[in-house]
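Quick notes on the structure that follows.
Numbers here are sequence positions counted from 1. As a basis for the values below, the full set of heavy atoms in this structure was taken, side chains included, without hydrogen atoms, waters or symmetry mates.
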Amino acid sequence: MASNSDTIYHVLSYIKAHPDKVLTKPDAYDNVVEMYLDDTVKLGNPEIYFPQQKLEVNRMSSDFMSMYSDLLDYFHDMTQVKDANYHELWITTSHLVDQHKYLVDLSFE
């Protein structure tokens, strides 16, 4: 598991600022947002956070969640869960080389 980093914050900020560059897939789970970015988007530390054809799962720290609560609430509002109380955030990322996409999956627990 990679440590928490500004990289995740920057990726989420990019997604929020450029929704037209993101494909959001309806998820089978009420508490999840699954998004895809073209792999031409320049990201920091892709070798850590977006491993090729593998999943990287990162449980975000409570400090991260407190510091970026407004940004995270934006994504939580995309879920089917109407209760704004979540205590954990798991972010799964990957580089889907054959699809030329970066996966960003947010799971609010």
Row check, Y74 ring normal vs K16 NZ/CZ: under 6.0 Å, within 45°:
yes
Treating [X] as the side-chain partner and [Y] as the backbone partner, does any N or O pair qualify as donor plus acceptor under 3.5 Å?
{"X": "T93", "Y": "L103", "value": "no"}
{"X": "T79", "Y": "H76", "value": "yes"}
{"X": "N31", "Y": "E109", "value": "no"}

Decide side-chain contact (heavy atoms from CB on, under 4.5 Å) for Y86 and L72; before the verdict, give the C-alpha distance in whole Å, the side-chain angles of both, and the deciding distance to 0.1 Å.
CA-CA 10 Å; Y86 54 90; L72 298 176; 3.4 Å; yes
Students often mix this up, so state it plainly: with edges at 30° and 60°, are the rings of Y14 and H18 parallel, tilted or perpendicular?
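Answer is tilted, since the angle falls between 30° and 60°.
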Does the plane of the ring in Y68 sit parallel, tilted or perpendicular to the ring in Y9? Use 30° and 60° as the thresholds.
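The rings of Y68 and Y9 lie parallel, inter-plane angle below 30°.
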Nearest heavy-atom pair of [X] and [Y]: which atoms, and what distance?
{"X": "S94", "Y": "P51", "result": "OG-O, 3.5 Å"}
{"X": "Y102", "Y": "P46", "result": "OH-CB, 4.3 Å"}
{"X": "I8", "Y": "M60", "result": "CG2-CE, 3.9 Å"}
{"X": "Y49", "Y": "E56", "result": "O-CB, 4.0 Å"}
{"X": "T24", "Y": "M35", "result": "OG1-CG, 3.9 Å"}
{"X": "E88", "Y": "M65", "result": "N-CE, 3.9 Å"}

Verify same cluster id: [X], [Y] (apolar side-chain graph, 4.5 Å):
{"X": "I48", "Y": "L37", "result": "yes"}
{"X": "V33", "Y": "L89", "result": "yes"}
{"X": "V11", "Y": "V22", "result": "yes"}
{"X": "I15", "Y": "F64", "result": "yes"}
{"X": "Y29", "Y": "V57", "result": "no"}

K54, NZ: over 12 other non-hydrogen atoms inside 6.0 angstrom
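At most 12 heavy atoms, drawn from other residues, nucleotides or ligands, come within 6.0 Å of this atom.
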Using 0.5 Å steps for rounding, measure from the CE atom of M78 to the CD atom of E34.
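Separation between the atoms: 13.0 Å.
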I need the L55 CG to H95 NE2 distance, nearest 0.5 Å.
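Taking CG in L55 and NE2 in H95, the distance rounds to 13.5 Å.
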Pairwise side-chain contact, Y36 with L96, heavy-atom cut-off 4.5 Å (strictly under):
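Yes; the side chains approach each other to less than 4.5 Å.
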Can you confirm whether D98 sits close enough to Q53 that some side-chain heavy atom of one is under 4.5 Å from a side-chain heavy atom of the other?
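Yes; the side chains approach each other to less than 4.5 Å.
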Derivation of the side-chain contact (heavy atoms from CB on, under 4.5 Å) call for T92 and S107:
CA-CA 8 Å; T92 303; S107 177; over 6 Å; no
Take L43 and T7 through the test side-chain contact (heavy atoms from CB on, under 4.5 Å) and record every step on the way to the result.
CA-CA 8 Å; L43 303 176; T7 298; 5.6 Å; no
Determine whether V104 and L12 satisfy the following criterion, side-chain contact (heavy atoms from CB on, under 4.5 Å), listing intermediate values before the conclusion.
CA-CA 9 Å; V104 179; L12 295 177; 4.2 Å; yes
